[in-house]
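Structure, as structure tokens:
The chains referred to below are lettered A, B, ... by the order of the sequence lines, with proteins before strands, and numbering in each begins at 1. What you see is a predicted model, and the numbers here were worked out from it, not measured in a lab.
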Number of protein chains: 2
Amino acid sequence: MATGRTHRPATRSRGIPEATVARLPLYLRALTALSERSVPTVSSEELAAAAGVNSAKLRKDFSYLGSYGTRGVGYDVEYLVYQISRELGLTQDWPVVIVGIGNLGAALANYGGFASRGFRVAALIDADPGMAGKPVAGIPVQHTDELEKIIQDNGVSIGVIATPAGAAQQVCDRLVAAGVTSILNFAPTVLNVPEGVDVRKVDLSIELQILAFHEQRKAGEEAAAEAAVPAAARKESTDQGPDGDVPAVMPA
Amino acid sequence: MATGRTHRPATRSRGIPEATVARLPLYLRALTALSERSVPTVSSEELAAAAGVNSAKLRKDFSYLGSYGTRGVGYDVEYLVYQISRELGLTQDWPVVIVGIGNLGAALANYGGFASRGFRVAALIDADPGMAGKPVAGIPVQHTDELEKIIQDNGVSIGVIATPAGAAQQVCDRLVAAGVTSILNFAPTVLNVPEGVDVRKVDLSIELQILAFHEQRKAGEEAAAEAAVPAAARKESTDQGPDGDVPAVMPA
DNA sequence: CCATCTTTGTGCACGCGTTCACAAAGACAT
DNA sequence: ATGTCTTTGTGAACGCGTGCACAAAGATGG
């Protein structure tokens, strides 16, 4: 789900596939764990297992970065950690603002994974004047009025939106206008952004719905397969009684 | 197309592509909004715009569900809402347990998007005995010891893991052993599950790293493109001075 | 009843991502 | 040195997802 690829078709080695980029953080995490255990080298097979991917895929992914392995031995853990970090841009400091300090926003502010990888919470912003000044995760919340100034003063290019859905687009527009070019959106809305701005969305509700789909499919197959031998564990979850929200509309 | 179903061997849910399933919740959300505004019908073009996708893609997605549109008119909003809800399994009630009631777990418990679509928080579970009984989002937290009993008593098949990374696999194992077959994982770890169990992961850190990659790439292209005309807005974020964490390991 | 207009449903082609399978590269022992 | 053994790096085939472009289907108006 990359952005519009209207630019040049990646002339040279700079053509790292999006799918590969999405896996690099996974490798990095596994490698960091190995590094902390002072493991000097690792084979593609081992690392792939740790990252939960296919070893051939991992090797191909690494091949996009360069030939960093040694045949017959594997990959140097420390060196690979550095290469991936550099490729992901984690060797530099990324100031981040979080907008919308509700339950989720506060949780994000407290999340340790931020600081661990070059991401620094530059500011917490909320529209509620009552929140202003109140410290969350050791950082005083600032009012939305300050948004533009904060972004410009801190050179922020990454913004996190954790507001209610209704406010998300408006916040997004202001972030973009102030210079933010990457947005992580937790609000359940489709954000409209101009060319050149990246948006990634995290939507809890969608994830659950996808799980429900597969869950239903599993239940259906199971029921069809063992129609005469129902699972003993089943209590009363399969009853269609509480189907309160029935169609109310008939097919044409 | 007009010649009945001889075309597709798997008439039912069998043939719905994963990519399509992932978009159905998006369509559903847009349709629900239209429904609340009492809009009777919608064209693929309009709906696609609202959902942020290509209209041809949307039509193809819907074609997997069946021919629910009317040529020359569009799609009946209410009817489509029902069809997608049913396909996703949202016409039934899905009890969910959340394990790990820290900042994130509490935020999830308070998240309104849960209840809105057939998902019901059946229980909040935490390993800290001090949390037991304490109400979060109106639901008393229960101790991990109760996990198996809760799952069986409520017929829970979907579990949400919001524990620290170190505890995630253990919690996962217990959930699966107790009968959970779908897991939404917020812990930054690769979960190992047996065949037949679905896992979806939401990883804030990974999302940020992916954004950082693109951000870095954008900065690089920009710098290369206007090497002689640096953007005036740039403060001092591009200096490579603070590259404190240098390799420490050299390439072989 | 026919003509026209709108919008769906889909055949087709293309590109990306995944996986297999293997030759090449290097380590290591003799 | 030479041979063997391990593991990487990648060519090639395949499958999935996307988007175009258009014919068919139905609405609508005369």
Between A:Y68 and A:Y79, is the gap from one ring center to the other below 6.0 Å?
yes

A:R71 vs B:T20, nearer the 5' end of DNA chain D by closest nucleotide
A:R71

How long is the span from the CG atom in B:D61 to the OG atom in B:S44, to the nearest 0.5 Å?
11.5 Å

Closest-nucleotide mapping onto DNA chain C: is A:V73 or B:G72 further toward the 5' terminus? I mean the 5' end.
B:G72

From CD of A:E18 across to P of D:dG17 the rounded distance in Å is 17 Å

So, does A:Y75 get its side chain near the phosphate of D:dG9, meaning an N or O under 4.0 Å from OP1 or OP2?
yes

Nearest heavy-atom contact between A:C172 and A:I183 is SG-CD1, 3.6 Å

Straight-line distance of B:L88 CG to A:I210 CD1, nearest 0.5 Å:
8.5 Å

Looking at A:Y64, I'd like to know whether one of its side-chain N or O atoms comes within less than 4.0 Å of OP1 or OP2 on C:dG17.
no

Taking CG from A:L65 and C1' from D:dG9, how many angstroms apart are they, rounded to a whole number?
13 Å

If you take any heavy atom closer than 4.0 Å to DNA chain D, which residues from residues 21-35 of chain B end up in contact?
B:R23

Are any of the side-chain nitrogens in B:D203 or A:R29 under 4.0 Å away from the carboxylate oxygens of its partner?
yes

CZ on A:R217 to NE2 on A:H214, rounded to 0.5 Å:
6.0 Å

Does A:E45 reach the main-chain N or O of A:S55 with its side chain, forming a donor-acceptor pair under 3.5 Å?
no

Contact residues, residues 42-63 of chain A to DNA chain D [heavy atom, < 4.0 Å]
A:S43, A:S44, A:R59, A:K60, A:S63

Quick one: do the B:T32 and B:E36 side chains pair a donor with an acceptor below 3.5 Å?
no

